[in-house]
Structure formats: structure tokens, C-alpha cells
Amino acid sequence: MKILLASSEVFPFSKTGGLADMVGALGRALVNAGEEAAIVTPLYRGIQNRFPALRRVDWHFDLPLGAQTVPAELWELARPGEAKIYFIDHPGYFDRAGIYQENHLSYADNGERFIFFSKCVVNLARYLPWRPEVVHLHDWQAALVPALILQQKRAGWGNAPATCLTIHNLAYQGVFPEEAFALTNLPADFYAPDGVGTEYFGMLNCLKGGIVFADSITTVSPRYAREITTEELGCGLDGVLRQNHAKLTGILNGVDYAEWNTTKNPYLFKTYSHARMAGKAVNKAELQRLVGLPVDEKIPLFGTISRLAEQKGVDIQLGALEEMLNTNIQFVQLGSGSPEYEKGYRELAARFPGKVAVQFGYNEALSHRIEAGCDFFLMPSRFEPCGLNQMYSLRYGTIPIVRATGGLDDSVIDFNENPAKANGVKFYEYTSRALAKAIRKSIAIYEHPDLIRHFRKTAMKADFSWNQTVAEYIHVYQKILS
Ligand code: ADP
Ligand code: GLC
């Protein structure tokens, strides 16, 4: 099969969160499974410098965007054993300091930028000599592609590719004022309300357009697939999702163990495995030293890495830590996002010197070191479509403490669910109290060497490799092709 993936982020070229990891790994997994896969993404600032092997393709986009015609260029990078990757080069839209925002403010023209990106995707899908049979779109930034393809089918495009839309996070829908619809150059009937258009409460809703027009919809865990059809977690689109229920599947993300492992990892201070655990203690000591915490093997070290967004449960985490830091524990956090939450963490660090270390900004190396050096990893998310860090934590023998929601519930096993297979600690209520109780349980586990050894071993043996995940995607592609 020939599959073109389209995403606004792809690791290792651009990344703000798990979307980038997932799409990068899916491309590789499809190639490993013997499929032909390519990826298309914007050419953001800095990519050319970091990847000098990028080559310009003899290709010029000149695409209608409302009343204007907008030009862009195309670059490509062929990588042995990996999906070929195409970059859309429009300096005005993409050569910027951020991907979606600067100084905590979203770019005012995000609608225009990604409607244009979606049009480039359709143009490639239609005219690349390598004719993709399936176009697989990720999140709202590419979600108008199925509608744009349908428009061209109506105008005579025979053999158009089938479309699959993956929702990585229903909370981000790409909602813009009605005027933005003119930029799509779609006929007026595509703006219909209800289940048949891109309109939603008087606004253009890109994700809704994708849900309505894609041949199939997937989301990144089975539990989240169920949750998004409910009013509580449907973010206003639960009705539309219920109408399109027949084409919705939940597929748990895989982990790219070539990147996320403890045995061959340039970022770790020392490698280790479930059979040779000594290296984990070295990583803990070095992490404590690196972030300025007292080096002490006996003190349980809790960590977290996340976008500082409402989704991630920062508010209950701050509350729970406030209470639990009065006991003998340490906490390290890496994150960036809301200035409010950053302030909350800074204040926590100031109140508990020698117990709390906070780091802001994006830091790939430190993220691996936190995963390896901590004893426990906190993910108290309000909702979590899949979540990757809890699965990375498992592989690093770092016990995840998670709220039982979305992919967190699907990937972690609590002692109460299955003592033999337990590899993490789950809590249910979205409150600081419930999280504090889970932290207390974790401390109790830590105090019993046999128990923590058991948890670490089962954690490190859990297998979320892409073989299983990619087979499920291939099944979806086959279904929409027939
Ligand atoms: P989400 O996509 O909702 O942010 P995931 O758990 O799926 O959550 O994926 C988050 C990814 O982003 C992980 O690879 C994590 O290590 C990474 N990440 C998040 N914040 C940072 C940061 N400040 N520095 C480095 N990596 C980060
Ligand atoms: C989104 C979700 C996260 C998921 C990631 C990759 O960013 O918030 O839960 O793991 O996409 O699918």
C-alpha cells in the first residue's frame, strides 16, 4: 500500500508533544511492515540547518487561498529504512520562532497557515507520480483534507485516495470565524451545519470537517474512543462523533523503542535493563546532581515532563505535592506552557528548597534523564487521549502514577486490577486528595524492596512496540480501500 501521512509535527524535525513522536514512529513502522509510506509536514525554521541533506524538489505550488493565489516550494529528505519526508516551504507561514505560537500567544493566522498546508497536501496527493492510495491526516491542522479531496472528486478526480483522520486530541479543533471558510475555496454546501459540513455554531471547525468527510476516523486509545462520544469528554463534538460512530476506532499508540530505551541511549548516564538494574541508581544520582537536589538513593524521587496545559492536571498536582512534600520525597519537573502554571511550580520550588527542582523550556536530553533517574512518574491528567510518557516510564522502570483516564487507563495496570502484572499506580477522582493518596501508596511500595523490584520488572517487560499498532492501522487502511 502507498500511504501519505500529513502532520503539523514530525519527530525529529519538529515537536511540541506526542503527536510528533507518534507520526515519526508510524512512518517508520509502516516501512518496517513492508508498506510504502511518505510524510508531509511544514518546513519550520531551523530544519534545513539541522538536516543539511534536505533537497529541493522541482515542484511549485500555486494554490488558491480565498481570492489570492499563494506560491510555495517543496523539499524532500530520503532516509534509508524510513518514510520519505516532504516539507512545504512557505517562509511567511512557517519560518517563525514557534510552531503554533510565540510568547504564549497563538499566531493570529493559524487558520490561514494550516488551510494552506492542507491544500498543499491535496496537491501532492493528486500530482505526485508516486500516487498515494491512502492519505492519513493527523489532528485539525490537516483535517480539511478529506473535504478538499471530495471537492476535487466532484470536479472529476478519478482514483482519489481514501482518507483516514486520527484525532490525537479532541480539545484542539481548529475553530475560526466564518470568514476563514472563504480561504478553503470550498463550495457553500461544505459549510452546512449538522452532520454534513464544516460549520459549527457559526464558525469554521476544521476537525469537525475531518470527522464528517474522512472515510475513517481513529483516535489514539480504545478508552478515549469511547470517552469522546460522551458529553463529558466530547468537547462539543460528541454528537457528531456519535453520528459517525461506525467509522471510529481506538488504536493505542506504540512506543518507538529505538528512541526510548535504556540499553542504547546516548542521553543516559549509564545504561541498564531489567536483568541488570544497577545503572538505574547511577542515573538517579546523576539526575539529582544535575538538577541540584541532594544525592540520596533512599529518598523516593518523583518526576514529571509535560506541556503545562489544563489537560495535564497541573492544578491537582500542585495541590498534592504541597501536601506530600512535607514527607521525605523529592520532585523534579520539566515542562513549558501556561505562565500561570510555571509560576505555581516556581513557588513550590521556593517553598521546598532542596526537595523540588523545576526546569522550563523544551529539553530532549533532560526528558530521557528524568525518565531514567526517577523512581515514579506523575501523570494526573484531567483527560489523556493516549499519553506516551507513562509508556516511556514503564520501559525505563520508573513507576507511573496515573489518573485512570483515556490511554493512561489502557496502558497501566494497578495492583488492584492484577497483582501479578501490576506496573503502576492508578487513581480515579480528579482531586489533589486522590493524587496525594496515590503518592502515599507509592512511597509504601518504595519502602518494600521486593515490591518495588516486582513493579519495576513488570513495568520494563511491558511491550507497546509498534508491530501491534501498525497492524491495526493497516487493517483500517485495507478496510477503507475495499
Ligand atoms: P502530549 O502529546 O499531550 O503533550 P504525550 O505524553 O503524548 O503528551 O507526549 C509528550 C511528549 O512530549 C513526550 O515525548 C515528552 O517527553 C515530550 N515533552 C513534553 N514536554 C517536554 C519538554 N518540556 N521537553 C522535552 N520533551 C517534552
Ligand atoms: C496528543 C495527546 C496525547 C497523545 C499524543 C499522541 O498530544 O494529548 O495524549 O499521546 O497526542 O497521540
Side-chain angles (χ1 to χ4, degrees), residues 17-18 21 253 255 257 259-262 265 267-268 272 274 277 280-281 283-284 286-288 290-291 293 299-308 311-314 316-318 320-321 324-325 329-335 345 356-359 363-382 384 386-415 422-427 434-446 451-452 455-462 464:
D21 287 6
N253 285 334
V255 171
Y257 289 122
E259 289 294 330
W260 296 92
N261 69 77
T262 56
N265 186 329
Y267 297 121
L268 300 198
Y272 59 99
H274 65 83
M277 281 298 284
K280 186 158 174 69
N283 281 285
K284 177 173 177 179
E286 291 300 328
L287 175 65
Q288 286 170 322
L290 181 73
V291 300
L293 292 171
I299 305 176
L301 175 56
F302 293 75
T304 187
I305 303 164
S306 85
R307 293 183 291 111
L308 301 181
Q311 168 191 351
K312 299 296 176 181
V314 185
I316 64 167
Q317 178 152 304
L318 284 167
L321 286 168
M324 293 310 298
L325 280 161
I329 65 170
Q330 295 178 340
F331 170 69
V332 54
Q333 94 88 33
L334 167 65
Y345 278 123
V356 174
V358 295
Q359 306 265 331
N363 189 334
E364 184 80 24
L366 185 58
S367 73
H368 285 264
R369 290 170 177 169
I370 290 179
E371 286 289 4
C374 287
D375 299 301
F376 298 97
F377 193 94
L378 296 169
M379 272 181 101
S381 305
R382 193 183 284 273
E384 196 60 74
C386 177
L388 294 173
N389 280 115
Q390 82 284 8
M391 297 197 270
Y392 300 159
S393 300
L394 289 170
R395 181 47 57 106
Y396 285 59
T398 299
I399 306 311
I401 300 173
V402 303
R403 181 157 172 271
T405 181
L408 298 176
D409 196 29
D410 285 340
S411 57
V412 172
I413 304 169
D414 185 87
F415 196 83
N423 57 21
V425 178
K426 275 185 192 172
F427 68 100
L435 173 56
K437 194 169 159 197
I439 294 177
R440 231 174 279 126
K441 259 195 207 169
S442 311
I443 298 172
I445 293 172
Y446 192 76
L451 206 49
I452 185 82
F455 269 79
R456 282 189 180 144
K457 199 164 197 167
T458 46
M460 292 180 83
K461 284 186 173 167
F464 298 100

| Point-to-point distance, once rounded to the nearest 0.5 Å, from CD of Glu364 to OH of Tyr267 | 4.5 Å
| query | How far apart are the C-alpha atoms of Tyr392 and Ser367, what are their side-chain angles, what is the distance that settles it, and do they pass the side-chain contact (heavy atoms from CB on, under 4.5 Å) test? | reply | CA-CA 10 Å; Tyr392 300 159; Ser367 73; over 6 Å; no
| message | Which residue is it: Ile399, Val425, Ile443, Thr304? I am looking for the one with a side chain to side chain contact (heavy atoms under 4.5 Å, CB included) to Phe376. | response | Ile399
| request: Give the minimum heavy-atom separation between Val291 and Gln359, together with the two atoms involved. | output: CG1-NE2, 4.1 Å
| Considering residues at least two apart in sequence or located in another chain, which fulfil the side chain to side chain contact (heavy atoms under 4.5 Å, CB included) criterion with Ala436? | Ala320, Glu323, Met324, Arg440
| query | What is the minimum heavy-atom distance between Ala462 and Asn423, and which atoms define it? | reply | CB-ND2, 4.3 Å
| Pairwise distance CZ(Phe427) to CG(Leu435) - rounded to 0.5 angstrom | 4.5 Å
| task | Look at the side chain of Arg395 and the backbone N and O of Thr262, then say whether any donor-acceptor pair between them is shorter than 3.5 Å. | result | no
| Asp409 side, atom CG; Lys426 side, atom NZ - distance, nearest 0.5 Å | 4.0 Å
| Which distance, rounded to the nearest 0.5 Å, do you find between the SG of Cys374 and the CD1 of Ile305? | 7.5 Å
| said: Could you tell me if the side chain of Ser381 sits less than 4.5 Å from the side chain of Val402, heavy atoms only? | reply: no
| query | Can you name the nearest heavy-atom pair linking Asp375 to Ile299, along with the distance? | reply | OD2-O, 3.9 Å
| task | Start with the C-alpha gap between Glu286 and Arg369, add the side-chain angles, then the distance that decides, and say whether side-chain contact (heavy atoms from CB on, under 4.5 Å) holds. | result | CA-CA 9 Å; Glu286 291 300 328; Arg369 290 170 177 169; over 6 Å; no
| request: Would you check, one step at a time, whether the test side-chain contact (heavy atoms from CB on, under 4.5 Å) holds for Ile439 with Leu378? | output: CA-CA 9 Å; Ile439 294 177; Leu378 296 169; 4.1 Å; yes
| Considering only heavy atoms from C-beta outward, does the side chain of Phe302 approach that of Leu321 to under 4.5 Å? | no
| remark: Of all heavy-atom pairs linking Leu301 and Gly373, the shortest is CD2-O, 3.7 Å
| Option among Gln317, Glu384, Arg382 that satisfies the side chain to side chain contact (heavy atoms under 4.5 Å, CB included) test with Lys312 | Glu384
| message | Does atom CZ (Phe415) have a neighbourhood of more than 12 heavy atoms from anything else shown, all under 6.0 Å? | response | no
| query | Among Leu268, Leu366, Leu293, which one satisfies side chain to side chain contact (heavy atoms under 4.5 Å, CB included) with Leu287? | reply | Leu366
| field | Ser306/Met379 under side-chain contact (heavy atoms from CB on, under 4.5 Å): CA gap, chis, key distance, verdict | value | CA-CA 9 Å; Ser306 85; Met379 272 181 101; over 6 Å; no
| field | Interatomic distance, Leu334 atom CG to Asn389 atom CG [nearest 0.5 angstrom] | value | 9.5 Å
| task | Report the distance from atom OH of Tyr257 to atom CE of Met391, rounding to the nearest 0.5 Å. | result | 7.5 Å
| request: Sort out for me which residue in Lys280, Gln390, Glu371 forms a side chain to side chain donor-acceptor pair (under 3.5 Å) with Thr398. | output: Lys280
| said: Can you classify the ring geometry of Tyr396 versus His368 as parallel (below 30°), tilted (30 to 60°) or perpendicular (above 60°)? | reply: tilted
| How close do Val412 and Gly424 get, heavy atom to heavy atom, and via which atoms? | CG1-CA, 3.7 Å
| note | Between Phe464 and Ser411, the two heavy atoms sitting closest are CZ-O, 3.3 Å
